[in-house]
Colleague: 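To start, I am sharing the structure in question, which I have written as C-alpha cells.
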Amino acid sequence: MRALAVEYGPQGLTCNAIAPGPFLTEVNQQVAAEIGESITRKVPLGRFAQPRELGGVALFLASDAASFVNGQAIIVDGGSTASL
C-alpha cells in the first residue's frame, strides 16, 4: 500500500487496504466448528468477527472522511496482532 500510495498519490488516488482477522463466513463454518476455539483463544475479543463488521471500515475508506488517508493497511482482527 505504501508503494502504491507513493506512485499514485500524485494523481490524486489513495491506496489503502483492509486486513481482516478471523471472520466467520459461510465458507469457513466447518473449520470454525472444528478448530474455532483454538482460533478465538488468540483473539483478545474472544470471538470470530461477523462480515458486517468490515463494513464500517470499508465505508470510511470510501468516504470523504478518509480523503487524506493513504498508504495504510487497517487491521480488523479483534486485537490479534496487538497481542503478539
Side-chain angles (χ1 to χ4, degrees):
M1 291 297 90
R2 291 170 45 184
L4 290 172
V6 170
E7 185 171 344
Y8 293 107
Q11 297 172 35
L13 300 174
T14 58
C15 300
N16 299 292
I18 300 171
F23 275 73
L24 188 59
T25 66
E26 290 180 29
V27 174
N28 69 4
Q29 283 184 359
Q30 180 68 30
V31 172
E34 294 171 9
I35 62 167
E37 186 178 327
S38 67
I39 295 170
T40 57
R41 201 174 317 126
K42 298 172 186 169
V43 178
L45 291 180
R47 63 179 178 82
F48 282 93
Q50 298 297 316
R52 63 180 164 69
E53 293 179 284
L54 281 178
V57 177
L59 286 173
F60 167 69
L61 289 174
S63 75
D64 288 338
S67 64
F68 207 63
V69 177
N70 197 15
Q72 303 302 307
I74 299 177
I75 301 168
V76 183
D77 69 356
S80 297
T81 54
S83 68
L84 295 177

Colleague: If you group Ile, Leu, Val, Met, Phe, Trp and Tyr whenever their side-chain heavy atoms sit less than 4.5 Å apart, what else falls in with L59?
Modeller: none
Colleague: What residues form a salt bridge (Lys or Arg N to Asp or Glu O under 4.0 Å) with E53, not counting sequence neighbours?
Modeller: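 Counting only residues at least two positions away or on another chain, E53 forms a salt bridge (Lys or Arg N to Asp or Glu O under 4.0 Å) with R47.
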Colleague: Which distance, rounded to the nearest 0.5 Å, do you find between the CZ of F48 and the OG1 of T40?
Modeller: 6.0 Å
Colleague: Go through the structure and list residues passing salt bridge (Lys or Arg N to Asp or Glu O under 4.0 Å) with R2, not counting sequence neighbours.
Modeller: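 Checked R2 against salt bridge (Lys or Arg N to Asp or Glu O under 4.0 Å); zero matches.
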Colleague: How many angstroms lie between atom CG of L13 and atom CG of L4, to the nearest 0.5 angstrom?
Modeller: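 These two atoms lie 10.0 Å from each other.
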Colleague: Test: side chain to side chain donor-acceptor pair (under 3.5 Å). Region: residues 66-80. Which pairs qualify, not counting sequence neighbours?
Modeller: D77-T81
Colleague: I need the minimum non-hydrogen distance between G78 and V43, along with the two atoms involved.
Modeller: O-CG1, 3.8 Å
Colleague: Linking Ile, Leu, Val, Met, Phe, Trp and Tyr through side-chain heavy atoms less than 4.5 Å apart, which residues share a cluster with V57?
Modeller: I18, F23, L54, F60, L61, V69, I74, V76
Colleague: Which pair of non-hydrogen atoms, one from S83 and one from K42, has the smallest distance, and what is that distance?
Modeller: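 Scanning both residues, the minimum pair turns out to be OG-O, 3.7 Å.
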Colleague: Please enumerate all residues that pass side-chain contact (heavy atoms from CB on, under 4.5 Å) together with V6, with sequence neighbours excluded.
Modeller: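 With neighbours one apart ignored, the set is empty.
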Colleague: Going by the rule side-chain contact (heavy atoms from CB on, under 4.5 Å), which residues pair with S38 if we only count those two or more places apart in sequence or in a different chain?
Modeller: I35, R41
Colleague: Could I get the full list of side-chain hydrogen bond (donor to acceptor under 3.5 Å, both in side chains) partners for Q30, not counting sequence neighbours?
Modeller: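 side-chain hydrogen bond (donor to acceptor under 3.5 Å, both in side chains) list for Q30, sorted by chain: E34.
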Colleague: Determine which pairs satisfy side chain to side chain donor-acceptor pair (under 3.5 Å) with at least one residue from residues 4-21, sequence neighbours left out, and list them in order.
Modeller: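 Sorted result for residues 4-21: empty, none.
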Colleague: Can you list the residues that meet the side-chain contact (heavy atoms from CB on, under 4.5 Å) rule with A82, with sequence neighbours excluded?
Modeller: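 So A82 forms no side-chain contact (heavy atoms from CB on, under 4.5 Å) with any residue.
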